[in-house]
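The chains referred to below are lettered A, B, ... by the order of the sequence lines, with proteins before strands, and numbering in each begins at 1.
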Protein chains: 2
Amino acid sequence: MPRVRLVDEAREAGLSKTTVSAALNGTGRLSPEVREKARDTARRMGYRPNATARQLRAGRARLIGYVVGELADTPWTFLESPYFARLTGATAATALARGYAVVLLPAGSLQSEWAALPLDAVVVADPVADDRIVEDLLAARIPVFSDRSVEGRPGAHWVDVDATAVVGQTLDHFHAQGARRPVLVVPDSTTRFHREVDAAHRAWCAAHGLPVLSVRAAEPGNGPVIQAVETALGVGPDRPDALLVVAEASPPLVLDAARRIGYDVPGDLLLACVSEDETAVHTEPPVTTLSLRPDAVAEAGIAHLVAVLEQGLRETGGALVPVRLDVRASSVRRG
Amino acid sequence: MPRVRLVDEAREAGLSKTTVSAALNGTGRLSPEVREKARDTARRMGYRPNATARQLRAGRARLIGYVVGELADTPWTFLESPYFARLTGATAATALARGYAVVLLPAGSLQSEWAALPLDAVVVADPVADDRIVEDLLAARIPVFSDRSVEGRPGAHWVDVDATAVVGQTLDHFHAQGARRPVLVVPDSTTRFHREVDAAHRAWCAAHGLPVLSVRAAEPGNGPVIQAVETALGVGPDRPDALLVVAEASPPLVLDAARRIGYDVPGDLLLACVSEDETAVHTEPPVTTLSLRPDAVAEAGIAHLVAVLEQGLRETGGALVPVRLDVRASSVRRG
DNA sequence: TTGAAAGCGCTAACAC
DNA sequence: GTGTTAGCGCTTTCAA
């Protein structure tokens, strides 16, 4: 039993394709009776327009690709990071609300994987340095939306997190709580974000006349980061009095590590993690987090994308999305 | 500058559409020179076939929808669960390898949200009880792939996790380690999986002549589950000697909770969590986990989907995917 | 107010 | 071997 087509239902209703199409789409000038009749017949026959045919006619498929760089080696691990999980969900939801569907693409996918898809644009959530995908997409004249690392390339647009604010807000908060030896833990990755955090940290310390204390985790992921935390907290006679972890590590694990080394949080050590992980709320004490606002990033990105696609917006400076510090007991001096 | 079409490049190469099409698709019988010439011209002009037109011709878009039930109230929170994160990634990767792209759909989405998409099938990862989406899809004659709860409905196919094995393997392991008062914590949800776990637990306890100890968390999510853990471990004079948490809760949080109440793990209490969360490896001691094998579920599901779509496979019994117990120090008696 | 016909870009019979 | 042609199912001028 083949699917009901527009012609089928037109014939059944004794009308023409044109009339039925207009009736169902609410276009054209038709008498109410005819419109009603067409709709009735459609319902009765279970007619559903063929999406592909419509897309062909329309010239666009309202489909956007979504690529994320892999964390560690395994593609898709990214989704296990609360930040990317939320970014992904928020992107899909926002896009859908604007009439665009999102298809998931693995990082490092080849032309052959996405060439068969009618993509209007592609969002590259976290471009991996050596990934060819951005160039390939631009060469295929598919608009790319990514982070600031694509800035300046024709056809590429960006939205990014304000890395300077990340460091500034947290260290200002530590400072206000009396900390004078804050230490930073950040992965030794080539990601633009981590480089910016590092730079912002140096600048902040210089501006405040404090020593630049920082430890780089060998790579992202809980294992290496926890190790780096242990290193950071173990240093010499002058122990740090505050710790900022910018690595999406599990807050309970970081807290446990600090305790194992003999710190009381927040007594001897103020703690804050850049993380979207809700477990931070459930530890004892709850852990202060700095949210990168994946939902806001997604919204800004999709808004930008829609503007470019639908109003042919050409050059814009991109957008820097603000972050949010959620102060909890782990970074508040008891008094 | 409009996009290069097949006709454009045919004219440029001095060939017909047919010839060029055949040359690029590797079909038909063409002289090597002609084929090469066509390919050259295509490359030179930057010709890329229009995906929508191909789909229309082919009759299918090789696009599948992917819907997940929301955890708590917020749609998309699911992605923050390591299980669903991996299931999602594995589904997308497996599907893509088979030539199908996956589009992300929010739970509870209306017809209007997916009707405009040329979906060949839809995967419903975790059907929410009162979600109309499954009926709507089936009514639209779109094949649905989901868990066992759709069993028996025409057009619906399933793959599921073996809930009995989840409970059996873990409790057998506890029992072998000498535990005689294992307690189960499971969310009080209407999810089929949780109901099955509950039933399997009763059956196992009855079969082994042990008391049925269990506590239901008010809902999924770390907060309620940790509370339930506290309740479970606090009970009366006969304290439990083993704890199984089937709720995708954060292993470090569960461990910390047990400690706060005064348990030594694994001294007084053996601990295992059903979880894909890799933080389990990094606690002290590391936490035993039972993996629901989201990657295996995805593979089985997509294999099934492809068989149905491409070989018109009709009735099959569905598949039960095995689970994997990763024994770590938290559930091994010292000594 | 309604209908006939062209055409979106591609592929595959079928003729040459 | 290569080209001509007829659609895939839909929307939309344009004519009646």
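Look at A/Arg29 and you won't find any side-chain N or O under 4.0 angstrom from OP1 or OP2 of C/dT1. A close approach under 4.0 Å does occur between a side-chain nitrogen or oxygen of B/Ser31 and OP1 or OP2 of D/dT2. An OP1 or OP2 oxygen of D/dT2 is reached within less than 4.0 angstrom by no side-chain nitrogen or oxygen of B/Thr19. Not one side-chain nitrogen or oxygen of A/Tyr47 sits closer than 4.0 Å to the OP1 or OP2 atom of D/dG9. Side-chain nitrogen and oxygen atoms of A/Arg54 include at least one within less than 4.0 Å of the OP1 or OP2 phosphate oxygen of D/dT11. An OP1 or OP2 oxygen of D/dT11 is reached within less than 4.0 angstrom by a side-chain nitrogen or oxygen of A/Asn25.
A salt bridge is absent between B/Asp40 and B/Lys37; no separation between the charged side-chain nitrogens and carboxylate oxygens falls under 4.0 Å. The residues A/Arg44 and A/Glu12 are annotated as salt-bridged, a charged nitrogen and a carboxylate oxygen being separated by less than 4.0 angstrom. The existence of a salt bridge linking A/Arg148 and A/Glu151 is confirmed by a sub-4.0 Å separation between a basic side-chain nitrogen and an acidic carboxylate oxygen. Remark: A/Arg98 does not engage A/Glu310 in a salt bridge, criterion side-chain N to carboxylate O under 4.0 Å.
Rounding to whole angstrom units, CD of residue B/Gln55 and C1' of D/dG9 are separated by 13 Å. Residue A/Leu56 contributes atom CG, which lies 13 Å from atom C1' of C/dA6 at whole-angstrom precision. Atom P of nucleotide C/dA4 and atom CZ of A/Arg11 are separated by 12 Å, given to the nearest angstrom. Computed from coordinates, the A/Leu24 CG to D/dG9 P distance equals 17 Å when rounded to whole Å. We find that CZ of A/Arg48 is positioned 13 Å from C1' of D/dG9, with the value rounded to whole Å.
In terms of polar N and O atoms assigned as donor or acceptor, the side chain of B/Thr27 never comes within less than 3.5 Å of the base of C/dA12 in a complementary pairing. If you check distances only, the side chain of B/Thr18 does reach the base of C/dA12 with a donor-acceptor pair under 3.5 Å.
Distance from the side chain of B/Ala53 is smallest to C/dG9 among D/dT2, D/dC10, C/dG9. Closest to the side chain of A/Ser21, out of C/dC10, D/dT11, D/dC8, is D/dT11. The side chain of B/Ser16 lies closest to D/dG3 when the candidates are D/dG3, C/dA6, D/dA6.
Mapping B/Arg57 and B/Leu30 onto DNA chain D by nearest heavy atom places B/Leu30 at the nucleotide closer to the 5' end.
Heavy atoms of A/Arg5 sit under 4.0 angstrom from primed sugar atoms or phosphate atoms, though from no base atom.
Atom CZ of residue A/Arg3 and atom CZ of residue A/Arg48 lie 4.5 Å apart, to the nearest 0.5 angstrom.
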